[in-house]
Amino acid sequence: MGTSRRFALIFVSLSLAALPLGGCSADDADYAKDGRGDDSWDGDYEPAPGAGEGGGEGEGEGEGEGEELPPEIEEPANFKVPRGSGRFVFVPDETNDAVVVVDSETLELEVVPVGSHPTHVVPLGDKNVAAVINVGSDEVTILRAAPGQPTETVDVEVRPDTNALAATSDGAYIVAYWDPRLEESPITPSTDQEITIISTGKGQEQGYHMTVGMHPWDVVFDEEDTTAFVLTESGINIIDLSALAKQKMPPIVSPFESGSFDPHSADLEIIPDGSTVLARKDGEASLVVASLLGDGAQSTYELPSPPTDLDVAPDGSYGMMVLRATSQIAYFSLPIEGDEPFEFLDLGDALVGVASIASDSQSAVVYTTLDDAQNSADTRRLIHLSGFGAGASVRSVVLERGIHSVAVSPDSQSAIVVHDPAKASGQSPYAYTLVALPQLQVKLQNLATSPGQLLVTPAGDFGFLLMPSEFRSEVIDLRSFIVDSLDLGSEPTAAGYARATNKVFISQDHPAGRMTFVDLEEGSTKTLTGYRLNDEIEY
């Protein structure tokens, strides 16, 4: 494994059919908290539209003496990741209308026939069960795997022009809908307003068809997995999962007076109990709080300046907004009560526009993604906040490069900061920084080529940063900040995690098919190669 001393590379050649990868990230961060995840974090380096550009929808007065600055950029979810449920990995084979099911413990593989053109796979809980949408035959196949036994399948019809799946954390329900992010080139469906809710109980699988608002762009669930919320440009459709047969056009709530809105210039945060949605728009100095309980209650709270980011703590106890123009954090307890619910933390003249609350809800990091063209300390500062409100502890560190994105590990003990591409001469083209929290000890790691997906394991002990053009992955020990290199032999395309076996799997672009499994306990790797050839197993 290159220079690594920890992992021994073992190749195993197996027989399988063709296997183009699809699927969704593990614990899709921030942009799509839709029940698809399993406590790991991933994101792609590709900049979002408008990143680092001037102009844009700014925050108006108070920034740069009236100069309009572009919005902050937060990383969207990466859907093209293989998925794991329990000890099994499920990978769609669109060319051969099949799903490849890999036992991550024994590395035995099974090719399971499904419908036409299977694309997007989601795990259904952590019970060796997954679902795949077959876009060519308008159906979802539920796959139930078991060690040493053939995989069982059940097909459920879904509406045409659905291409994405979102599942509750327990896997009891699936929402099939249209998501333009899953299309490599722009496609206009006949309609994107018809969805299907699937009840997945064994022997009782059934689909329920419904119509929702204009242009759905996300699906989330409450913490009890009893209600689904379909976020559309018309508002939020509220679906009671216990009464699916009674809902043909589920009720809709819009937090904005204008009704429709652009999801690229707004934040909607549904608090974990599903009772309330919090909303903000770029350039508007206010927070909208709207009830999702059917009582029509809605309030608007004015702020000193427009918030550039809105986040809710994972435990649902509080929320926070970043006010970039006035260098403040506005904290508020949940549920919001009173006429003046905010407590403000003044950050002096710090330039911050984005917040990321740690998994333990006890701390957060704030920063800006604005372009670092002037190599300014303002755009290179990472601030760590502990506590709540005006009394929160504030510590900061100035990094060597501008910030593209930040991932806080699930154990809240470290952060990985991916930097903007170099602009100054003499700098490495790409880089990332490892940050120990809360002490803010840092380690800069230079890169020669652009990184791809970043995966952080659920325990927060390892990070895997794919390096596609170098046919390898950075292996980051987040306890010691020692970085090794895992040589892969072919271009890595996506990484995922199998919880039951504590293994990371990395799929690769290889004419015969290739997937590498990394055993985090033993520090060993095994690579399956040749499974597209459908010939005899070779060792």
inquiry  = Just to verify, what does Asp461 make a salt bridge (charged side-chain N to carboxylate O under 4.0 Å, His left out) with, not counting sequence neighbours?
reply    = none
query = Under 3.5 Å, is there a donor-acceptor pair between the Glu224 and Thr226 side chains?
reply = no
side-chain hydrogen bond (donor to acceptor under 3.5 Å, both in side chains) involving Ser286 - partner list, sequence neighbours excluded = none
task = Establish, from distance only, whether the side-chain atoms of Ser386 and Ser393 form a donor-acceptor pair under 3.5 Å.
result = no
By salt bridge (charged side-chain N to carboxylate O under 4.0 Å, His left out) - contacts of Arg87 (at least two apart) = Asp103, Glu105
task = Evaluate whether atom CG of Asp349 has more than 12 neighbouring non-hydrogen atoms of other residues, nucleotides or ligands under 6.0 angstrom away.
result = no
request  = With sequence neighbours left out, write down each residue that passes side-chain contact (heavy atoms from CB on, under 4.5 Å) with Gln362, or none if nothing qualifies.
outcome  = Asp360
Throw together a table of side-chain donor-acceptor distances under 3.5 angstrom for residues 433-443, partners on residues two or more places apart or in other chains.
unit_1, atom_1, unit_2, atom_2, d
Thr433, OG1, His419, NE2, 2.6
Lys443, NZ, Gln445, OE1, 3.4
Lys443, NZ, Phe481, O, 2.7

query = Do any pairs count as a salt bridge (Lys or Arg N to Asp or Glu O under 4.0 Å) and have a residue in residues 399-418, sequence neighbours left out, and if so which ones?
reply = Asp411-Arg479
request  = With sequence neighbours left out, write down each residue that passes ring pair (Phe, Tyr, Trp, His ring centres under 6.0 Å) with Tyr318, or none if nothing qualifies.
outcome  = Phe388
query = Ser242: what forms a side-chain contact (heavy atoms from CB on, under 4.5 Å) with it, not counting sequence neighbours?
reply = Asp240
remark   = Across all chains, not counting sequence neighbours, the salt bridge (charged side-chain N to carboxylate O under 4.0 Å, His left out) partners of Glu474 are Arg472
key: Residues which pass side-chain contact (heavy atoms from CB on, under 4.5 Å) with Ala377, listed by chain and number, not counting sequence neighbours   = Arg380, Val398
key: Sequence-distant partners of Asn502, side-chain hydrogen bond (donor to acceptor under 3.5 Å, both in side chains), two or more places apart   = Tyr497, Glu521
query = Does any donor atom in the side chain of Thr449 or Ser469 lie under 3.5 Å from an acceptor atom in the other side chain?
reply = yes
request  = Go through the side-chain N and O atoms of Ser104 and Thr501 and say whether any donor and acceptor fall under 3.5 Å apart.
outcome  = yes
Residues 228-235 side chain polar contacts: donor-acceptor under 3.5 Å, at least two apart:
unit_1, atom_1, unit_2, atom_2, d
Thr232, OG1, Ser234, N, 3.0
Thr232, OG1, Gly235, N, 3.2
Thr232, OG1, Gly235, O, 2.9
Ser234, OG, Met214, N, 3.0

